[in-house]
Chemist: 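Sharing a structure, written as structure tokens. Questions coming.
When a residue number appears, it is its place in the shown sequence, counting from 1. Computation of the quantities below employed the complete heavy-atom set of this structure, encompassing side-chain atoms and omitting hydrogens, waters and symmetry-equivalent molecules.
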Amino acid sequence: MGKVQQVVHHLEHSDDPLNWDDIRLFLSVAQTKSLRAAADEIGLSVNVLRSRIEALERQSNAVLLIRTARGSVLTEEGRRVVSIGEEMLRQAKLFAHFSQRPKPGLRSTVRIGITEGLGTFWLIPRITEFSTAEPSVRCSIKCEMRMPDVSGLEVDFAIQLERPDDPELVVQRLGWLHICLFASRRYIERYGQPMTSAEVPQHPYVDLVADQIPTVEEVITPVDKRGFVGIQVNTSSAQVLAVTGGAGIAALPTYARALCPSLIHVARDFVLKRDVWLVYHPRAAELLHVRKAINWVKRSFDQARFPWFRQSFIAPDDLVPTLDAFGDDLFASYKESPLFR
């Protein structure tokens, strides 16, 4: 039996009951790589924390940490205990999540993670459809570019642009985003219109810098972005407001043309396609209110109803007349706002 297997064997077959709190403390030390830093973070003295770690080492019959001048370094056995401990915490979160029961008179809450642009400009305008159909379910929607921890049930499910690598998660493609370049009519009247992407560096560019978003060099040109990026923002909403206000050119989804009639599709040789993924833990889908929300999200990305999510590219100007064919004024609330005129 190898050393790592011995650690697992001792943890599972020790006569002393396993103190799960000691493993939690050990994870804090492993994360901070310092007994003192972990003690300050947890609120224990260094001596007490050291004695708890030593107790865990005795129970596992292995040295888990080596204390050096550079901090606390994990041994091979220590790394294995970290792996076991992280899985324990993940299962504890699952238990806490699924052991909750809605109280009489209170709504069940479904937690949804979604990228900021899709959440603000696409899913939120559809929320009335779900809340009207399911008044007993409350939606808690996190619109941000950081990918949520679906494995640890930070959210019940997520809509994201990057595919996760956890094999335990259910991953389904909702559709595709087609990204084009836009400028406002006001901007073009004042500064002219770039006809190709090669001309874009001659214009100020509104750059969105966030997780899951490629850099401007990847999107447009290998030219140093400091030469043409006029504004840099970290949210899609700020980017859209800057572009509609005439600040420059930006890469936006094709449906932005229907959202903001003042936007003009420029540099039409450029198109970028991104996958849109639905990601959820299979246990989360066992809950009825979560399944209802997942089905609503799937309807919200129905490619027959909303052709801009199809795999094949449809030019932005061609999307506007197609809205009448589907009988939906999907962006009425935005069109009524003077911000997007």
Chemist: Are Pro316 and Cys180 close enough that some pair of their side-chain heavy atoms sits under 4.5 Å apart?
Modeler: yes

Chemist: What do you reckon, is CZ of Arg36 surrounded by more than 12 foreign heavy atoms closer than 6.0 Å?
Modeler: no

Chemist: Are any non-hydrogen side-chain atoms of Asp302 and Phe309 less than 4.5 angstrom apart?
Modeler: no

Chemist: For Ser140 and Arg111, does a side-chain donor sit closer than 3.5 Å to a side-chain acceptor?
Modeler: no

Chemist: Determine, for Glu286 against Arg283, whether the closest basic-nitrogen to carboxylate-oxygen distance falls under 4.0 angstrom.
Modeler: yes

Chemist: Using side-chain heavy atoms (C-beta onward) and a distance below 4.5 Å, is Ile231 in contact with Asp207?
Modeler: no

Chemist: Hey, does Val171 have a side-chain heavy atom less than 4.5 Å from the side chain of Pro164?
Modeler: yes

Chemist: Report the relative orientation of the aromatic rings in Phe313 and His178; use parallel for angles under 30°, tilted for 30 to 60°, perpendicular for over 60°.
Modeler: perpendicular

Chemist: Honestly curious: do Trp296 and Val155 fall in one hydrophobic cluster under the side-chain, below-4.5 Å linking rule?
Modeler: no

Chemist: Can you see which heavy atom on Met145 is nearest to which on Ala210, and at what distance?
Modeler: CG-CB, 3.4 Å

Chemist: Could you give the distance from CG (Leu64) to CG (Leu56), rounded to the nearest 0.5 Å?
Modeler: 5.5 Å

Chemist: Run through Ile114, Val170, Val150, Val110 and flag the one making a side-chain contact (heavy atoms from CB on, under 4.5 Å) with Phe157.
Modeler: Val110

Chemist: Taking atom CH2 of Trp176 and atom NZ of Lys273, what is their separation to the nearest 0.5 Å?
Modeler: 7.0 Å

Chemist: Going through the distances and angles, do Arg138 and Thr109 end up as a side-chain hydrogen bond (donor to acceptor under 3.5 Å, both in side chains)?
Modeler: CA-CA 5 Å; Arg138 181 180 67 178; Thr109 299; 2.9 Å; yes

Chemist: Can you tell me how far the CZ atom of Arg310 sits from the CD atom of Gln303, to the nearest 0.5 Å?
Modeler: 8.0 Å

Chemist: Please answer: with hydrophobic residues joined when any side-chain heavy atoms are less than 4.5 Å apart, are Ile159 and Trp277 in the same cluster?
Modeler: no

Chemist: For a 4.5 angstrom cut-off between non-hydrogen side-chain atoms, does Thr32 reach Glu41?
Modeler: yes

Chemist: Regarding Gln160 and Thr115, do their side chains bring together a donor and an acceptor under 3.5 Å, going by distance alone?
Modeler: no

Chemist: Determine whether the aromatic ring centres of His203 and Tyr191 lie less than 6.0 Å apart.
Modeler: no

Chemist: In terms of hydrophobic clustering (I, L, V, M, F, W, Y; side-chain heavy atoms under 4.5 Å; direct or indirect links), are Leu177 and Met147 co-clustered?
Modeler: no

Chemist: Between Leu272 and Leu118, is there shared hydrophobic-cluster membership here, with clusters defined by ILVMFWY side-chain heavy atoms closer than 4.5 Å?
Modeler: yes

Chemist: Inspect the contact between Asp22 and Arg52 and indicate whether a charged nitrogen and a carboxylate oxygen are less than 4.0 angstrom apart.
Modeler: yes

Chemist: Are Arg24 and Asp21 ion-paired here, with the side-chain N under 4.0 Å from a carboxylate O?
Modeler: yes

Chemist: Starting at OG1 of Thr235, measure out to CD of Gln239 and round the result to the nearest 0.5 Å.
Modeler: 8.5 Å

Chemist: Could you measure the distance from the OG atom of Ser72 to the CG atom of Leu35? Nearest 0.5 Å is fine.
Modeler: 4.0 Å

Chemist: Given 3.5 Å as the limit, does a donor-acceptor pair link the side chain of Glu116 with the main chain of Asn234, or not?
Modeler: no

Chemist: Does Val233 reach the side chain of Val209, with side-chain heavy atoms less than 4.5 Å apart?
Modeler: no

Chemist: So for atom CG, which belongs to Asp269, do other residues, nucleotides or ligands contribute more than 12 heavy atoms lying within a distance under 6.0 Å?
Modeler: yes

Chemist: Might you work through the salt bridge (Lys or Arg N to Asp or Glu O under 4.0 Å) test for Arg173 and Asp275, ending with a clear yes or no?
Modeler: CA-CA 7 Å; Arg173 182 185 279 106; Asp275 297 295; 3.1 Å; yes

Chemist: Could you tell me how the ring of Trp308 sits relative to the ring of Trp122: parallel (under 30°), tilted (30 to 60°) or perpendicular (over 60°)?
Modeler: perpendicular

Chemist: Among the clusters formed by ILVMFWY side chains lying less than 4.5 Å apart, do Ile188 and Val200 turn up in the same one?
Modeler: yes

Chemist: Measuring from Gln212:CD to Leu208:CG, what's the distance to the nearest 0.5 Å?
Modeler: 11.0 Å

Chemist: Identify whether the distance between the nearest side-chain nitrogen and carboxylate oxygen of Lys142 and Glu154 falls below 4.0 Å.
Modeler: yes

Chemist: If the threshold is 4.0 Å, N to carboxylate O, is there a salt bridge linking Asp317 and Arg257?
Modeler: yes

